There are 2 protein chains.
Amino acid sequence: MTVSIIGIGLLGGSFALILREKYPKMRFIGVDTSVVNGQLALAKGIVDEVLPLNEAVAQSELVVLATPVNVLMNLLPTILDQLPESATVVDLGSTKGLICDVADAHPRRSQFVAAHPMAGTENSGPGAAFRDLLPGKNLIICDRQKSNADSLALVESLFRDAGMRLFYMTPKEHDLHLAYVSHLSHISAFALGLTVLEKEKDEQAIFDMASTGFSSTVRLAKSSPQMWAPIFDQNRANVSDALAAYIDFLQQFKKVIDAQDVPASLEFMQQANVIRRVLDGIEKK
Amino acid sequence: MTVSIIGIGLLGGSFALILREKYPKMRFIGVDTSVVNGQLALAKGIVDEVLPLNEAVAQSELVVLATPVNVLMNLLPTILDQLPESATVVDLGSTKGLICDVADAHPRRSQFVAAHPMAGTENSGPGAAFRDLLPGKNLIICDRQKSNADSLALVESLFRDAGMRLFYMTPKEHDLHLAYVSHLSHISAFALGLTVLEKEKDEQAIFDMASTGFSSTVRLAKSSPQMWAPIFDQNRANVSDALAAYIDFLQQFKKVIDAQDVPASLEFMQQANVIRRVLDGIEKK
C-alpha cells in the first residue's frame, strides 16, 4: 500500500513514523513545498521518496493532508479531483467546519475522512516529528456517516494501529470545544510571552527569575504562527467568544486584587482548583 | 546544629530533605498549625520532631519561615523577639517588599535574611515535598547588606549546598520582576481553568479533547489559593500592572482575529516566538 503525506511536519511526519513501524512494507511518499523539509524527511526515514503533488496522489491508496489549515482547504478539492477511484484522503487539520464545508461541496465527498489527532508539541517541521506523538492520544473523526465504509474503515484501522482512541462528533461540536481546550491555551501563551518580553527588556532577568511554572505556562508561545494564524481565522467566532470569556475572568480577578478583596480572590482560585480533577484525568489517559 | 522549619509544606519540606542529605547530623524541628501536616512530615522523615513555635525557636540556630506570606509577615516580629542572640531567621516568601518593611522596623533586623527560591510546583503540603525541588534552581536574596555577616554566610552556604545559584537584588526589583515571570503566569492559568470549566460543563469532553498543550498551560490552576491570595494581595500594584498589560495584548489579539487580519495575527505570534530563546535558556539552566 502506498501512502502520501502532504506536508511532512510534526503531525504528518509522526503519523508516518509510527505507521512504518507497524507496517514495514507500506510505501510512503512525501510532498512538501519546502525542499529542505523533503530532504530532512528522507534523511530521517519518514518517507521513501519525495514527489510533486499530482504524481504522489496518482499512485496513492491513501493521501494524508497535514498542511496548515488554509493550505489544506485549498488543496482538498484538487486532490479529490485527481484521486484514484478506490483511494481515500484524510486530513489532520485543527479546524473542521470549513474543511467539511469544502468537502461537502465536492462530488467525491465519500472518499474523504475528516480527522483531528489531539496531539502536538510547540515544535514544527519534520525535525520535530517523533514516533511517540500519537500513541495513547485521542483522534476525533467528524461526519463519519459522509465517508464511504471502506475509506472510514481504512482510516480507523490505521489510527487504531497507531495506538489512538477514536471519538466521533460533528464539525460544529469539534470547533466549539477546540476553541476552549486548545486554541484559547495557545492565545493565552502567546499573549503572556509578549507581556513578559515587553516588560523584561533584559532577557537575563527572565532567565534568572523564571521557574518551571513560567516555562510550562508560556511553552505554547513557541508554536508556529504559520500553522496557528489560519486556525484562529477559520474558527474565529468560537475563538473570539472564548477569548471574551477569558478576558472577562481576568478583569474580574484584577478588580478583586485592586480592591484587596482577599476572600473573593480565594473563592476565585478555589473554583479554578476544580480543574485539578480534569487535569489528573488527562494525565492518566 | 538545630534548624526549625515553620510551615512544613512543599518548599520548607523540600529544603529540609536536601539539607538532611548533605548534613546527616543536622536536627530538624517542624512547626505547623496543622497536626496532620506535622504527622506527615515526621512519617516522611522531613523533621525529627514537631514542637510549638516558641519551643522550636528557643532551640534553633536557624529558623526557616516557609508559611504563606500573610502568616509570615505576622510571625516574623514575634520570632525575632524570641530568637537566640546568635541565631538566624530566613524567610522563603514569594513577595519581598512588605516582609522587608516589617523586618526593617525590628531592632534585630540583622539576624534576618530575606530569600526566595525560584522553585515550586502546583502541589502543596509536606506530601508534595521532594529532594530535588531546589537543586539546580536559583535563589534570590534581598537587601543582603542589612543582614549581619554570620547570618548571611550561614544562609548562603546552606542554599549553595542545596545546589542553588544565588542572585541579589532589592525587594522592589524582586517584586516587580516576579509579577511578570511568576504571579501573572498563575493568574493566567487560574482564569483559563475557570473559562474552560464554565464552558465545558461536561468534563468528559475536556478529558477527550484536551491535549498536553492544554495541561501544560493550565497546570498552575491547581495551585494553593491559601498560598497565592496573600501573594497577589501583597504585590497588588505590580500584579495589577502586569494583568493590565496582559489583558491589553489579549484584547489586541481578539481585535485582530475579529477583523480577520491574518498578517497582523502572524506578526503578533512571530513577536511572541522570541520567547523561544528565553525558554530554551531556562530549560538549559
Side-chain angles (χ1 to χ4, degrees), chain A residues 118-119 138 167 177 180-181 185 187-197 199 203 205-211 213-222 225 229 232-233 236 239-240 243 245-247 249-250 253-254 257-258 260 262 265-266 269-272 274-276 278-279 281-282, chain B residues 118-119 138 167 177 180-181 185 187-197 199 203 205-211 213-222 225 229 232-233 236 239-240 243 245-247 249-250 253-254 257-258 260 262 265-266 269-272 274-276 278-279 281-282:
Chain A
M118 299 294 102
N138 293 341
F167 292 86
H177 288 303
Y180 287 83
V181 301
S185 287
I187 294 176
S188 85
F190 282 120
L192 197 56
L194 283 173
T195 308
V196 173
L197 287 169
K199 187 68 188 183
E203 287 180 16
I206 318 183
F207 292 139
D208 296 344
M209 306 188 71
S211 71
F214 174 75
S215 300
S216 150
T217 321
V218 179
R219 180 171 67 83
L220 296 179
K222 300 200 260 178
F232 299 146
D233 188 48
R236 64 181 166 275
V239 169
S240 185
L243 254 174
Y246 182 51
I247 290 169
F249 273 118
L250 289 167
F253 200 33
K254 183 173 180 300
I257 291 172
D258 289 340
Q260 306 183 42
V262 175
S265 171
L266 280 168
M269 291 186 270
Q270 276 153 0
Q271 283 174 19
V274 173
I275 204 75
R276 175 179 284 274
V278 175
L279 293 175
I282 293 172
Chain B
M118 300 292 103
N138 292 341
F167 293 85
H177 288 302
Y180 286 84
V181 301
S185 287
I187 295 176
S188 85
F190 282 121
L192 198 56
L194 283 174
T195 309
V196 173
L197 287 170
K199 187 68 188 183
E203 288 180 16
I206 319 183
F207 292 140
D208 296 344
M209 305 188 71
S211 71
F214 174 76
S215 301
S216 150
T217 320
V218 179
R219 180 171 68 82
L220 297 180
K222 300 200 260 178
F232 299 145
D233 188 49
R236 64 181 166 276
V239 169
S240 185
L243 253 175
Y246 182 51
I247 291 170
F249 273 119
L250 289 167
F253 200 33
K254 183 174 181 299
I257 290 172
D258 289 339
Q260 306 182 40
V262 175
S265 170
L266 280 167
M269 290 186 270
Q270 276 152 1
Q271 283 174 18
V274 173
I275 204 76
R276 175 179 285 275
V278 175
L279 292 175
I282 293 172

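Here is the naming used below: chain letters follow the sequence lines, and residue numbers restart at 1 for every chain. Values in this document were obtained by computation on a predicted structure and should not be read as measured data.
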A side-chain contact here means heavy atoms from C-beta on lying under 4.5 Å apart; do A:I275 and B:F214 qualify?
yes
Most heavy-atom pairs under 4.5 angstrom with chain B, which of A:S185, A:S265, A:A119?
A:S185
Identify the two heavy atoms, one from A:L220 and one from B:G213, that lie closest to each other, and give their separation to 0.1 Å.
CD1-O, 3.6 Å
Shortest non-hydrogen separation from A:V262 to B:A229 and the atoms involved
CG1-CB, 4.0 Å
Counting only non-hydrogen atoms closer than 4.5 Å, does B:I187 touch chain A with its backbone (N, CA, C, O), its side chain (CB onward), both, or neither?
both
Of all of B:T217, B:V239, B:V274, B:D258, which one pairs up most often with chain A through heavy atoms under 4.5 Å apart?
B:T217
Separation between CG of B:L194 and CE of A:M269, rounded to the nearest 0.5 Å
10.5 Å
Work out which heavy atom in B:S215 is nearest to a heavy atom in A:L279; give both atom names and the distance.
CA-CD2, 3.7 Å
Counting heavy-atom pairs under 4.5 Å with chain B, the top scorer among A:L250, A:V196, A:L243, A:D233 is A:L250
Does any backbone or side-chain atom of B:F167 lie under 4.5 Å from a heavy atom of chain A? Answer side chain, backbone, both or neither.
side chain
Heavy-atom cut-off 4.5 Å, strictly under: side chain, backbone, both or neither for A:Y246 against chain B?
both
For A:I257, is there any backbone N or O sitting under 3.5 Å from a side-chain donor or acceptor partner on B:R236?
no
Contact class of A:V218 relative to chain B, heavy atoms under 4.5 angstrom:
both
From NZ (A:K254) to CZ (B:F232), nearest 0.5 Å
14.0 Å
Give, as side chain, backbone, both or neither, the part of A:L197 having an atom under 4.5 angstrom from any heavy atom of chain B.
side chain
In terms of heavy-atom pairs under 4.5 Å with chain B, the winner among A:G193, A:S216, A:A245, A:S188 is A:S216
